[in-house]
Amino acid sequence: MAPPKVALIVVASPVESGGERGEDLLRQATRNLRDGGLEVIGPTDIVWGKVDATGAIDALRAQDPDLLVIVHASWVVDTLQFQLIRELNRPVMLWAVPHAETFALASVKHFASVAHHNGLLYRWGQGALSGPDFRDRVAAVAQASAVARQLRRARVGLITPRATWRTTGLMDMTYDDWDLGEQLGITLQHLDFDELIAIAEKKSDADAHGEIERHPGYGWVEAGDARMVFSAKVYLAIKDLAAEYGLRTIAAACYPKQFGLVNLGSAWLADEGFYLDPEGDVGSAIVASTLMALQPGPVTLAEPALIPEDRDTLILRHEGSSPASLAAAPSQVHVIDLGDATGTLIEFGLRKIETLTAASLCGRKGDYQLWAGRLTSLGMEPEEWSRVGRGFLAEVSAEGGGRRLIDRMFSTGQAHHMLLQEGDATRQLADIAEMWGVGFVPMVG
């Protein structure tokens, strides 16, 4: 992913105190943001009024920035801020210099109120432009904006047993498909399992064995050789489909007739930065792809399975499509047969992880909600994993405890599916939800 592109503008008024610092502020901010890995564009001079703003806007539009940063060196009239934000039409960071005599913070607060009541997306801050707070906060919002914009142009594959599942209407797709696409900007590409299987069947056994050897990390492989070979062919077929249709992510509705068909491929692809959802959950596929764009590392799917009686945690489970890199050791990873003919299951306990991002997306037209929060994986010893029920298992804790977490999931209507990724991307997900125009609900609150 290319670095987020930030349009940086320093504004000042010729009749207020503070503009004399403008050029130095612009140099500090530019250097700081570039040191943080951002691409910085913008005028090399201070924007003092509408004429300067017009020239800056005309130059910046063609460069397609992800975020507009307006640094207030002094109080400025709100027509100036309005022009910049309205014509560039990007999320904006309003930043005030830390000098009381400039009334910069008052100017930021004034326009933030205007923005709020007009539904404009903004963030704000105050502080030194050479410091880490400015750099880190701008970088987080810029990254969120870049990812949100990428997803708005994304194609998402949905593989189902048949192409038409409508209840009423004249389209092959359902109205839910259309509504989700309109809300998030994605294009849903319907595909059939017959196409996937036909491509897989054309792959050679030699290529399949080569992929099996290339993806080590399994302690016990109890699945039959024919299943492993076909699963590897499905992995290759998924990569072909993604390339042919230009798909950013794919959801495959395997349950129940194609149970386990894509599990091995899903696990391998997750470690390669591509999310293949094994349950046909388009919302999960979108959120997982978003997480992978925000921070490195695989994403896996889980569902609430058990509230332990003797401790305040929550145990999550899934049939088994998680990458082996999430296990404490390769020796703990099992691959077994699943389903009638071709499916496999990858099972292990999630290793200890201090900070996990958990997220999900569900809802309906006009009421889509993105849930997100921080969890901790406590790890799971092999004996406990076997006792609890095998499969992919994770024991997690949350602020306030596991019971509070599951109560929150019920009370807020959260989906039973939950995406897990190491690290903390909750702040960026909150920004992305607002950029997408969907509700954001803290998973723990």
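The basis for the numbers below is simple: all heavy atoms, side chains too, and nothing from hydrogens, waters or symmetry mates.
E272 CD: more than 12 foreign heavy atoms inside a 6.0 Å radius. At most 12 heavy atoms of other shown residues, nucleotides or ligands fall within 6.0 angstrom of atom CZ in F103. Taking a 6.0 Å sphere around CZ of R364, one finds it holds 12 or fewer heavy atoms contributed by other residues, nucleotides or ligands.
The shortest side-chain heavy-atom distance between L196 and L261 falls under the 4.5 Å cut-off. Contact annotation: the side chain of I41 never approaches that of L8 to less than 4.5 Å [non-hydrogen atoms, C-beta and beyond]. Using a 4.5 Å heavy-atom cutoff, the side chains of T249 and D277 are not in contact. With a 4.5 Å cut-off on side-chain heavy atoms, L316 and E303 do not count as touching. Annotation: side chain of M380 is not in contact with side chain of L350 (no heavy-atom distance under 4.5 Å). Counting heavy atoms from C-beta outward, L301 and Y275 have side chains that approach closer than 4.5 Å. Using a 4.5 Å heavy-atom cutoff, the side chains of L88 and R61 are in contact. A 4.5 Å side-chain heavy-atom check between R137 and M93 finds at least one atom pair inside the cut-off.
Between W385 and F348, the distance separating the two ring centers is not shorter than 6.0 angstrom.
Using a distance-only test at 3.5 Å, with no hydrogens or angles considered, no donor-acceptor pair links the side chain of T187 to the main chain of R155. T102 contributes a side-chain N or O that, together with a main-chain N or O of H99, makes up a donor-acceptor pair within less than 3.5 Å. Although no hydrogens or angles enter the test, the distance criterion places a donor-acceptor pair under 3.5 Å between the side chain of T412 and the main chain of R408. The backbone N or O of P65 lies less than 3.5 Å from a partner atom in the side chain of R90, making a donor-acceptor pair. For K5 (side chain) and Q63 (main-chain N/O), a donor-acceptor pair under 3.5 Å exists by modelled atom type. D52 contributes a side-chain N or O that, together with a main-chain N or O of W48, makes up a donor-acceptor pair within less than 3.5 Å. Of the possible polar contacts, one joining the E20 side chain to the G18 backbone as a donor-acceptor pair under 3.5 Å is found. Side-chain N or O atoms of S145 include none that pairs as donor or acceptor with a backbone N or O of V141 at under 3.5 Å. With hydrogens and angles disregarded, a donor-acceptor distance shorter than 3.5 Å links the side chain of R152 to the backbone of W436.
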Decide yes or no on side-chain hydrogen bond (donor to acceptor under 3.5 Å, both in side chains) for T355 and D424, but give the supporting numbers first.
CA-CA 6 Å; T355 303; D424 182 7; over 6 Å; no
Given the rule in the side-chain hydrogen bond (donor to acceptor under 3.5 Å, both in side chains) test, do T300 and S322 qualify, once you have shown the distances and angles that lead to the verdict?
CA-CA 6 Å; T300 192; S322 301; 2.4 Å; yes
Report the C-alpha separation of E381 and R351 in whole Å, then their side-chain angles, then the decisive distance to 0.1 Å, and conclude whether the salt bridge (charged side-chain N to carboxylate O under 4.0 Å, His left out) test is met.
CA-CA 9 Å; E381 294 298 324; R351 59 181 166 82; over 6 Å; no
Given Q414 and V441, is the side-chain contact (heavy atoms from CB on, under 4.5 Å) satisfied, shown in steps?
CA-CA 9 Å; Q414 182 181 333; V441 181; over 6 Å; no
Given side-chain contact (heavy atoms from CB on, under 4.5 Å), test L361 with W371 step by step and report yes or no.
CA-CA 6 Å; L361 174 71; W371 282 261; over 6 Å; no
Evaluate I159 against I238 for side-chain contact (heavy atoms from CB on, under 4.5 Å), listing each step before the verdict.
CA-CA 10 Å; I159 305 175; I238 287 287; 3.9 Å; yes
Which is it for R374 and E354 under the salt bridge (charged side-chain N to carboxylate O under 4.0 Å, His left out) test, yes or no, and what are the steps along the way?
CA-CA 9 Å; R374 289 181 295 274; E354 181 62 31; over 6 Å; no
Derivation and outcome, side-chain contact (heavy atoms from CB on, under 4.5 Å), residues R27 and L25:
CA-CA 5 Å; R27 283 193 295 269; L25 293 172; over 6 Å; no
The test is side-chain hydrogen bond (donor to acceptor under 3.5 Å, both in side chains); show your working for Q421 and T357 and say whether it passes.
CA-CA 5 Å; Q421 185 191 39; T357 297; 5.4 Å; no
So R404 and D407, salt bridge (charged side-chain N to carboxylate O under 4.0 Å, His left out) or not? Walk me through it.
CA-CA 5 Å; R404 183 180 178 188; D407 282 342; over 6 Å; no
For H72 and Q81, what are the C-alpha separation, side-chain angles and deciding distance, and is it a side-chain hydrogen bond (donor to acceptor under 3.5 Å, both in side chains)?
CA-CA 10 Å; H72 292 67; Q81 298 151 316; 2.7 Å; yes
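Taking OG of S266 as the reference point, atom NE2 of H318 lies at 8.5 Å (rounded to 0.5 Å). Here the CG-CG distance, from L60 to L84, works out to 9.0 Å after rounding to the nearest 0.5 Å. Annotation: the span from L129 atom CG to L33 atom CG amounts to 8.5 Å, rounded to 0.5 Å. The CG atom of N89 lies 10.5 Å from the CG atom of L68; values are rounded to the nearest 0.5 Å. Here the straight-line distance linking atom OG of S130 with atom CG of N32 works out to 6.5 Å at 0.5 Å rounding. Between D133 atom CG and Q126 atom CD the span is 10.5 Å, to the nearest 0.5 Å.
Judged by distance alone, the side chains of D179 and Q183 never bring a donor and an acceptor atom under 3.5 Å apart. With no hydrogens or angles considered, a side-chain donor-acceptor pair links Q83 and T54 at under 3.5 Å. With no hydrogens or angles considered, no side-chain donor-acceptor pair links Q332 and Y218 at under 3.5 Å.
A salt bridge links E395 with R311: the closest approach of a Lys/Arg side-chain nitrogen to an acidic carboxylate oxygen falls below 4.0 angstrom. Under the 4.0 Å criterion applied to side-chain N and carboxylate O atoms, D35 and R135 are not assigned as salt-bridge partners. For E211 and K239, the salt-bridge test fails: no basic side-chain N is under 4.0 Å from an acidic carboxylate O. Of the charged side-chain nitrogens involved, none lies within less than 4.0 Å of a carboxylate oxygen, so that R427 and D136 do not count as a salt-bridged pair.
The aromatic rings of W268 and H215 lie parallel to each other, with less than 30° between the two planes, well short of the 60° mark.
Between R390 and the choices E319, E384, E347, the salt bridge (charged side-chain N to carboxylate O under 4.0 Å, His left out) rule is met once, by E347.
With sequence neighbours left out, the side-chain contact (heavy atoms from CB on, under 4.5 Å) criterion links I307 to L314, R403, I406.
When all heavy atoms are compared, the tightest approach of P278 to N263 is CB-OD1, 3.8 Å. Closest approach of P161 and A253 over heavy atoms only: CD-O, 4.3 Å. Scanning both residues, M292 and G297, for their nearest heavy atoms gives CG-O, 3.9 Å. Closest approach of P323 and P298 over heavy atoms only: CG-CB, 3.7 Å. Taking both residues in full, the closest heavy atoms of A251 and A285 are given as CB-CB, 4.3 Å, listed atom of the first, atom of the second, then distance.
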